[in-house]
Amino acid sequence: MIGHERMTVASQRLIAERTYELTLSGRLVQEMRQPGQFVHVKVAASADPLLRRPLSLCHIDHKQGQCTIIYRQEGKGTALLAQKQPGDTVDVLGPLGNGFPLEAAPAGSRALLVGGGIGVPPLYELAKQLTKRGVKVVSVLGFQTKAAVFYEEEFAAFGETHVATDDGSHGTAGRVTDVIEARSLEFDVLYACGPKPMLRALAERFPNRPVYVSLEERMGCGVGACFACVCHVPGSETAYKKVCSDGPVFRAGEVVL
Amino acid sequence: MNRLAVELPGLSLKNPIMPASGCFGFGREYARFYDLSVLGAIMIKATTKEPRFGNPTPRVAETPGGMLNAIGLQNPGLDKVLEEELPWLEQFDVPIIANIAGSTVEEYVEVAEAISKAPNVHALELNISCPNVKKGGIAFGTVPDVAAELTRLVKEVSAVPVYVKLSPNVTDIVAMAKAIEQAGADGLTMINTLVGMRIDVKTGRPVLANGTGGLSGPAVKPIAIRMIYDVSQAVSIPIIGMGGIQTAEDVLEFFYAGASAVAVGTANFVDPFVCPTIIADLPALLDELGIGHISECIGRSWKTGAHAVHCRA
């Protein structure tokens with residue numbers, strides 16, 4: 001169920017260039033289940049910035065009653081969020097959206113997780129839950145440069161993990177698709193989150209395989225009411241899906257990328 | 001006595017708070033948060049004859065104290081609204097105000113006639129002020145004669161009272177309001193969004209794919225207040241006020257300016273519970289200010305002659 005709570009900051013740390021790992025405590029965590037779902041965060045009580053910020057869940061810890069989100073400081077809202085200290089509270093609405101379908105990868109199957117930049121975080125909870133279900137997880141994480149890399153070791157704890165950087169400063173030089181090709185990575189199901197060109201490239205490369213992509217779009221309400229984050233459905237001029245409430249995870253082919 | 005109850009043409013409101021059109025879809029999303037029957041009314045998303053996808057994304061951009069949107073009247077079309085959305089809303093004890101839009105006079109008239117016959121539609125809101133579509137919308141709302149003629153034609157076919165939603169993107173909103181009143185409108189709703197733009201400093205291009213968008217949120221509230229203050233003194237039909245309302249105090253400000261009810265828009269996106277919160281907060285605020293019934297507040301800012309301010313030349 002969607003809840004609304006002032007959650008308490010348990011910790012916050014800089015884990016890569018302009019990239020923060022924020023851990024929040026609250027009863028809302030018990031409602032969080034699916035990897036790929038997001039929370040809608042109001043960073044300031046004032047009207048500026050006015051809107052909430054959609055941030056995907058990176059780690060859900062029911063036992064500790066904590067959830068972790070990872071975000072990159074881009075604008076005014078995330079700059080304010082970066083100033084939060086342990087004990088501060090944050091206005092959180094969530095969990096929102098539909099996450100990655102775990103059932104698409106049966107026990108014993110092989111899942112390829114592909115993340116690009118700030119699209120990497122939701123794949124962490126996914127890797128955790130898939131591994132728990134007996135799925136073999138291989139991760140390919142792409143970043144612009146070495147300074148932007150995060151969670152390489154954390155992903156490695158769940159299985160084979162490859163990192164690619166655009167400038168070759170860490171891991172394989174090139175894109176995530178280059179890594180998949182060069183290493184001939186095999187999979188039964190592919191889950192991806194990252195920039196749209198990356199998602200499009202993956203969907204085009206594996207047209208006959210189960211590929212699930214998590215989309216990012218500017219949002220207003222986050223709950224499906226404002227129609228800010230719609231995307232087209234193939235073969236129709238007027239049919240649409242809302243990224244916030246129908247997604248953010250879609251099966252490739254379900255929406256126009 | 002229900003001190004929040006308000007009677008308006010076609011509308012017996014248990015309280016004067018309603019979500020504004022375009023900010024609440026057809027209610028389904030917010031019904032997951034609370035019982036929609038607590039609302040005074042619901043202004044549903046603009047409906048056109050055919051389904052519309054709307055504009056490309058990005059469709060929203062944040063601004064200090066506000067947001068720009070260029071959704072472009074996305075909606076499932078008249079048939080689906082009549083067959084699915086309005087019947088679904090019948091489970092709630094709440095009157096519906098159907099916002100209607102079109103690209104041509106004929107489309108407005110056709111949609112108005114059909115939707116006004118739905119059992120839970122108690123009033124129409126004629127949308128002649130959407131700034132985000134190339135044809136129709138605001139094109140009907142910036143020339144008084146054109147707006148008046150459309151109002152007259154819609155009034156002729158509508159089975160329920162007609163409220164006309166005014167655009168603030170005009171030189172003289174009082175002239176517009178008077179022309180619409182004379183054409184037979186039962187009420188006014190104001191204000192729609194103000195046309196604005198943001199430009200990305202990295203790309204040098206507008207942030208919105210549509211280029212321009214409509215500004216809403218607390219940033220526009222003073223403009224709404226001023227326009228309602230002016231218009232309410234010039235017309236005798238009631239005004240449903242909107243523009244940046246976030247709190248019970250904001251509601252009273254709109255009443256003092258001359259509104260008889262209010263709609264809450266952008267604030268729903270920030271806080272899904274904002275409407276029930278405002279409804280719950282109002283009685284204590286009335287107590288604090290020594291006000292018996294909320295209707296006593298209508299136009300107080302200009303009714304007390306000694307304090308009247310003449311802001312129009």
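Only heavy atoms go into these numbers, but all of them, side chains included; no hydrogens, no water, no symmetry mates. Residue numbering restarts at 1 for every chain, and letters A, B, ... go by the order of the sequence lines.
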Fill in the blank from the handout: Interatomic distance, OG@Ser236(A) vs CZ@Phe53(B), rounded to 0.5 Å, equals 9.0 Å
Problem - From CZ (Phe227(A)) to CG (Asn75(B)), nearest 0.5 Å - result: 8.0 Å
Problem - Backbone of Pro58(B) reached by a side-chain donor or acceptor of Glu217(A) within 3.5 Å - result: no
Problem - Residue among Gly22(B), Gly54(B), Gly217(B), Gly66(B) with most heavy-atom pairs under 4.5 Å to chain A - result: Gly66(B)
Exercise for the section: Return yes when atom NZ of Lys80(B) has more than 12 non-hydrogen atoms of other residues, nucleotides or ligands closer than 6.0 Å, and no otherwise. Expected result: no
Problem - Worked verdict on Met219(A) versus Phe269(B) for side-chain contact (heavy atoms from CB on, under 4.5 Å) - result: CA-CA 10 Å; Met219(A) 290 182 188; Phe269(B) 303 156; over 6 Å; no
Practice task
Taking all non-hydrogen atoms of both residues into account, name the closest pair between Val60(B) and Ala228(A) and its distance.
Solution key: CG1-CB, 3.4 Å
Exercise for the section: Sort His232(A) into side chain, backbone, both or neither according to what part of it lies under 4.5 angstrom from a heavy atom of chain B. Expected result: both
Exercise for the section: Answer yes or no: are there more than 12 heavy-atom neighbours, outside Gln144(A) itself, under 6.0 Å from its atom CD? Expected result: no
Exercise for the section: State plainly whether the residues Glu62(B) and Arg53(A) are in salt-bridge range, i.e. N to O under 4.0 Å. Expected result: yes
Problem - Region of Pro272(B) in contact with chain A, defined by heavy-atom distances below 4.5 Å - result: side chain
Exercise for the section: Under 4.5 Å, counting heavy-atom pairs only, tell me which of Thr238(A), Asp91(A), Leu51(A), Ile2(A) racks up the most with chain B. Expected result: Leu51(A)
Handout entry: Minimum heavy-atom distance between Ala225(A) and Cys23(B), given as atom pair plus value
Key = CB-O, 4.5 Å
Handout entry: Largest heavy-atom contact set with chain A, pairs under 4.5 Å, which of Asn69(B), Thr57(B), Asn55(B)
Key = Thr57(B)
Exercise for the section: Kindly check if the number of other-residue, nucleotide or ligand heavy atoms within 6.0 Å of NZ (Lys49(B)) is above 12? Expected result: no
Handout entry: Arg52(A) versus Val270(B), closest heavy-atom pair with distance
Key = NE-O, 2.5 Å
Handout entry: Over 12 non-hydrogen atoms of neighbours within 6.0 angstrom of CZ in Arg198(B)
Key = yes
Practice task
Starting at CG of Leu50(A), measure out to OG1 of Thr63(B) and round the result to the nearest 0.5 Å.
Solution key: 7.5 Å
Practice task
Let me know if Phe26(B) has heavy atoms under 4.5 Å from chain A in its side chain, its backbone, both or neither.
Solution key: neither
Problem - For chain A, which residues of residues 28-41 of chain B have heavy atoms nearer than 4.5 angstrom - result: Glu29(B), Tyr30(B), Arg32(B), Phe33(B)
Handout entry: Residue Gln246(B) versus chain A: region with a heavy atom under 4.5 Å
Key = side chain
Exercise for the section: Verify side-chain contact (heavy atoms from CB on, under 4.5 Å) between Gln74(B) and Tyr240(A), making sure each step is shown before the conclusion. Expected result: CA-CA 10 Å; Gln74(B) 180 159 24; Tyr240(A) 62 88; 3.1 Å; yes
Handout entry: Leu93(A) versus chain B, the contacting section by heavy-atom distance below 4.5 Å
Key = side chain
Problem - Residues from residues 203-213 of chain B approaching chain A under 4.5 Å (heavy atoms) - result: Val207(B)
Practice task
Measure the CG-NE2 distance between Asp271(B) and His4(A) for me, rounded to the nearest 0.5 Å.
Solution key: 5.5 Å
Practice task
Measure Met1(A) against the heavy atoms of chain B and call it side chain, backbone, both or neither at under 4.5 Å.
Solution key: neither
Practice task
Please check if atom NZ in Lys146(A) has more than 12 non-hydrogen atoms from other residues, nucleotides or ligands closer than 6.0 Å.
Solution key: no
Fill in the blank from the handout: Interatomic distance, SG@Cys229(A) vs CD1@Ile71(B), rounded to 0.5 Å, equals 9.0 Å
